K.L.:
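Take a look at this one; I'll ask things after.
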Amino acid sequence: MVTAFQQRVYDAISTIPRGKVSTYGLVAGHLGCNCAQAVGQALRRNPYAPRVPCHRVIASDRTLGGFSGKRSGPQLRRKRRLLVKEGVVFRPDGRVDPACVHRFSRRPRDP
DNA sequence: AACCTGACGGACA
DNA sequence: CTGTCCGCCAGGT
């Protein structure tokens, strides 16, 4: 079942353009709460993948975070490959270039 | 309703 | 730099 909260998460990340990424924390802030962990949980259960681009959400330190329910392993390489293909730049240390982090313009919650 | 579990994040040793 | 600890909050049991 898709809850209202999950729907809001999916809506939010669907606005992240190709070649850009966001973080669990930024998405949470965009939704108006300090619930990065809950955002992660929503993405983990994303039933709309890959229509909803959950691979464009990474951790706040700009490491990859998780994908397909896993935080390491071959799934993560796939996530990375997808992002590279979309134009996201990775630094030598494996983190995403800060310039590729998307900035949400408006908040749907109390502007 | 109580309790447990995270694709988290920031603070601190 | 790495490893712990703790607050966070939605969702499942």
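Model, not experiment: these values are computed from the prediction. Order of the sequence lines fixes the chain letters, A, B, ..., with proteins taken first and strands second; residue numbering starts at 1 for each chain.
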K.L.:
Sequence neighbours left out, cut at 3.5 Å: what donor-acceptor pairs do the side chains of residues 36-51 of chain A make with other protein atoms?
P.N.:
| residue | atom | partner | partner atom | Å |
| --- | --- | --- | --- | --- |
| N46(A) | OD1 | Y48(A) | N | 2.8 |
| N46(A) | OD1 | A49(A) | N | 3.4 |
| N46(A) | ND2 | V52(A) | O | 3.3 |

K.L.:
Of all the heavy-atom pairs spanning Q75(A) and F67(A), show the shortest one and how long it is.
P.N.:
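Here Q75(A) and F67(A) meet closest at O-CD2, 3.4 Å.
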
K.L.:
Under a single-linkage definition using a 4.5 Å side-chain heavy-atom cutoff for Ile, Leu, Val, Met, Phe, Trp and Tyr, are V21(A) and F90(A) assigned to the same hydrophobic cluster?
P.N.:
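Yes: a chain of side-chain contacts under 4.5 Å links V21(A) to F90(A).
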
K.L.:
For D61(A), check salt bridge (Lys or Arg N to Asp or Glu O under 4.0 Å) against everything at least two apart and list the hits.
P.N.:
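For D61(A) there are no salt bridge (Lys or Arg N to Asp or Glu O under 4.0 Å) partners, ignoring immediate neighbours.
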
K.L.:
Of L64(A), V88(A), T63(A), L26(A), which is the lone residue that meets side chain to side chain contact (heavy atoms under 4.5 Å, CB included) with I58(A)?
P.N.:
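Among the candidates, only L64(A) passes.
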
K.L.:
Could you run through nucleotides 6-13 of chain B and give me one letter per nucleotide, 5' to 3': B if any protein heavy atom sits under 4.0 Å from the base, S if only the sugar-phosphate is that close, - if neither?
P.N.:
BBBSS---

K.L.:
Of all of residues 92-101 of chain A, which get a heavy atom below 4.0 angstrom from DNA chain B, listed by number?
P.N.:
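Nucleic-acid contacts, sorted: none.
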
K.L.:
NZ of K79(A) to SG of C54(A): how many Å apart, nearest 0.5 Å?
P.N.:
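Rounded to the nearest 0.5 Å, the NZ-SG separation comes to 7.5 Å.
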
K.L.:
Q6(A) CD to dA10(C) C1': how many Å, rounded?
P.N.:
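Taking atom C1' of dA10(C) as the reference, CD of Q6(A) is at 8 Å.
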
K.L.:
Kindly list each side-chain donor-acceptor pair under 3.5 angstrom involving residues 12-20 of chain A, sequence neighbours excluded, with atom names and distances?
P.N.:
| residue | atom | partner | partner atom | Å |
| --- | --- | --- | --- | --- |
| S14(A) | OG | Y10(A) | O | 2.7 |
| T15(A) | OG1 | A12(A) | O | 2.7 |
| K20(A) | NZ | A99(A) | O | 3.4 |

K.L.:
Go through the structure and list residues passing disulfide bond (SG atoms under 2.5 Å apart) with C100(A), not counting sequence neighbours.
P.N.:
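Result, disulfide bond (SG atoms under 2.5 Å apart) vs C100(A): none returned.
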
K.L.:
Taking for each residue the nucleotide of DNA chain C bearing the nearest heavy atom, is the 5' side occupied by N34(A) or by A42(A)?
P.N.:
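Its nucleotide being nearer the 5' end, the pick is N34(A).
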
